[in-house]
2 protein chains.
Amino acid sequence: MVRMTGTKRAILDAAIEIAAERGISGTTMDDVAERAGVAKGSLYYNFASKDKLFEGLLGEGMAALTEALRGARAGTAGWAAIEVLVTTLLGSIAANTALAKVIAGDIFRTDRAWRETSFAFKHDALAEFETAIVEALPEASATGAATLMASSVFGATLMAGLQWLLFDEERPQSEVVAAILLTFSGRLAPASPSREL
Amino acid sequence: MVRMTGTKRAILDAAIEIAAERGISGTTMDDVAERAGVAKGSLYYNFASKDKLFEGLLGEGMAALTEALRGARAGTAGWAAIEVLVTTLLGSIAANTALAKVIAGDIFRTDRAWRETSFAFKHDALAEFETAIVEALPEASATGAATLMASSVFGATLMAGLQWLLFDEERPQSEVVAAILLTFSGRLAPASPSREL
DNA sequence: GTCTATAGTTGGATAGAC
DNA sequence: GTCTATCCAACTATAGAC
């Protein structure tokens with residue numbers, strides 16, 4: 001998050017809050033101006049258009065998340081890397097729940113002006129998970145399963161994280177991390193010999 | 001899916017297709033009328049409002065999915081139940097990808113006219129997964145982890161399923177099911193003695 | 001039951017004063 | 001750099017002919 005003038009910051013904060021409630025398309029510039037406590041003209045002095053406003057907002061948030069995941073994975077590998085990636089992703093969602101909601105609602109849209117940015121972000125974020133998965137289970141790479149497994153781990157963390165923050169917020173974060181990792185631990189599956197892909 | 005007149009069906013089909021591309025808020029009644037091949041007046045003869053149109057559409061789809069999950073789980077338990085639930089959910093997403101995209105983009109919105117319906121659906125669908133998880137790992141119930149684990153399994157299947165259908169559609173469905181279940185199999189985690197919650 | 005035409009409102013964006 | 005006032009396009013919804 002780059003430092004910026006109070007007005008610009010207030011506009012961005014208002015925009016993400018409202019978009020978390022109503023989605024981006026459901027957010028009007030009038031509402032943003034009102035919640036930010038500025039006139040609508042100031043929105044267009046600071047941002048070229050509604051699309052540009054949200055493009056910047058999502059781009060900034062996605063870049064920060066990708067960077068956090070990359071930094072977290074550094075120096076670890078395999079299952080340990082999966083543990084820190086899940087922890088870091090969940091922490092990012094908790095620290096910026098509104099942004100996480102907006103991204104979650106937007107991630108599979110293909111009609112956005114910023115779809116290239118969004119696509120690249122998703123690719124980079126999933127690549128961190130995929131790398132860790134391949135380290136933990138090399139044969140997943142050969143069968144092409146690793147990419148799908150990365151989506152699975154990411155999706156599990158995102159949905160459990162939002163479920164937690166929106167409906168069960170008193171629960172300590174450590175318990176949520178533990179529950180997600182427990183899902184991947186194999187304790188749901190019967191203790192069995194090798195399983196085919 | 002209830003049988004209905006050609007016009008009503010055409011309107012619903014057009015609405016879900018466009019909403020999958022642009023989201024519900026981004027879908028206009030003019031666009032729906034045009035794609036359905038009817039005049040806009042016919043939309044309002046068949047549905048009271050845009051909200052009622054989508055409320056019915058999502059309600060119908062969510063009810064069908066919940067029913068499919070309930071039926072699939074019947075007669076199984078534990079890990080076997082998780083396997084059929086994941087398979088059934090993935091099959092439903094594949095059979096109705098447009099609807100799945102719309103639901104995925106809408107599931108964490110709190111401002112919708114149909115939020116009660118949506119909330120109840122999510123609760124019922126997750127309950128099927130939670131039941132299976134508690135059968136497979138009874139201690140998850142005591143710690144309160146089971147609900148979060150149900151969200152994890154659901155989220156993993158949803159995200160991997162959409163990733164598959166939108167970006168890797170030639171892959172056979174059986175491989176996708178296998179990759180998701182492999183994520184939960186424990187083969188990512190180190191072979192270890194008992195793990196604390 | 002479906003159409004055309006239009007009413008009424010909202011929302012993105014801009015002009016110009018301060 | 002921020003405000004007020006306004007333009008204009010797009011949208012939901014309705015009226016009334018057929």
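Convention: sequence-line order gives letters A, B, ...; per-chain numbering from 1.
At a threshold of 4.0 angstrom between heavy atoms, the contacts of Ser25(B) with the nucleic acid are absent.
Note: CD1 (Ile24(B)) to P (dT12(D)) measures 12 Å, nearest angstrom. One interatomic measurement links the two molecules: CG of Asn46(A) to P of dG1(D), which rounds to 8 Å at whole-angstrom precision. Distance, Met29(B) CE to dG8(C) P: 20 Å, rounded to whole Å. Taking atom CG on Leu43(A) and atom P on dT4(D), their separation rounds to 13 Å, with Å as the unit. Rounded to a whole Å, the CZ atom of Arg9(A) is 17 Å from the P atom of dG1(D). Rounded to a whole Å, the CD1 atom of Ile18(B) is 11 Å from the P atom of dC11(D). Taking atom NZ of residue Lys52(B) and atom P of nucleotide dA13(D), one finds them 12 Å apart after rounding to whole Å. Going from atom CD1 of Ile11(B) over to atom C1' of dG1(C) covers 11 Å, rounded to whole Å.
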Should Arg112(B) and Phe54(B) be marked as a side-chain contact (heavy atoms from CB on, under 4.5 Å) after you check the CA-CA gap, both sets of side-chain angles, and the distance that decides it? CA-CA 10 Å; Arg112(B) 294 298 202 191; Phe54(B) 280 100; over 6 Å; no

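One can find a donor-acceptor pair under 3.5 Å joining the base of dG12(C) and the side-chain atoms of Lys40(A).
Under the 4.5 Å side-chain criterion, counting only non-hydrogen atoms from C-beta, Ile16(A) is not in contact with Leu12(A).
Summary of the strand contacts: Tyr45(A) and Gly41(A) both lie near DNA chain D, and taking for each the nucleotide with the nearest heavy atom, the more 5' one is attributed to Tyr45(A). With the nearest nucleotide of DNA chain C identified for both Asp31(A) and Val38(B), Val38(B) has the one nearer the 5' end.
At dC3(C), one or more side-chain N or O atoms of Ser42(B) fall inside 4.0 Å of OP1 or OP2 (strictly under the cut-off). Using a 4.0 Å cut-off, some side-chain N or O of Tyr44(A) falls inside it from OP1 or OP2 of dA13(C). At dT2(C), one or more side-chain N or O atoms of Thr7(B) fall inside 4.0 Å of OP1 or OP2 (strictly under the cut-off).
In this structure, Phe167(B) has its ring center under 6.0 Å from that of Phe119(A).
Closest to the Lys50(B) side chain, of the nucleotides dC3(C), dT12(D), dA13(C), is dT12(D). The side chain of Asp30(B) lies closest to dT12(D), out of dA13(C), dT12(D), dT2(C).
For the salt bridge (charged side-chain N to carboxylate O under 4.0 Å, His left out) criterion with Arg73(B), the lone passing option out of Glu83(B), Glu130(B), Glu128(B) is Glu128(B). Of the candidates Gln173(A), Glu175(A), Glu169(A), Arg171(A) forms a side chain to side chain donor-acceptor pair (under 3.5 Å) with just one, namely Glu175(A).
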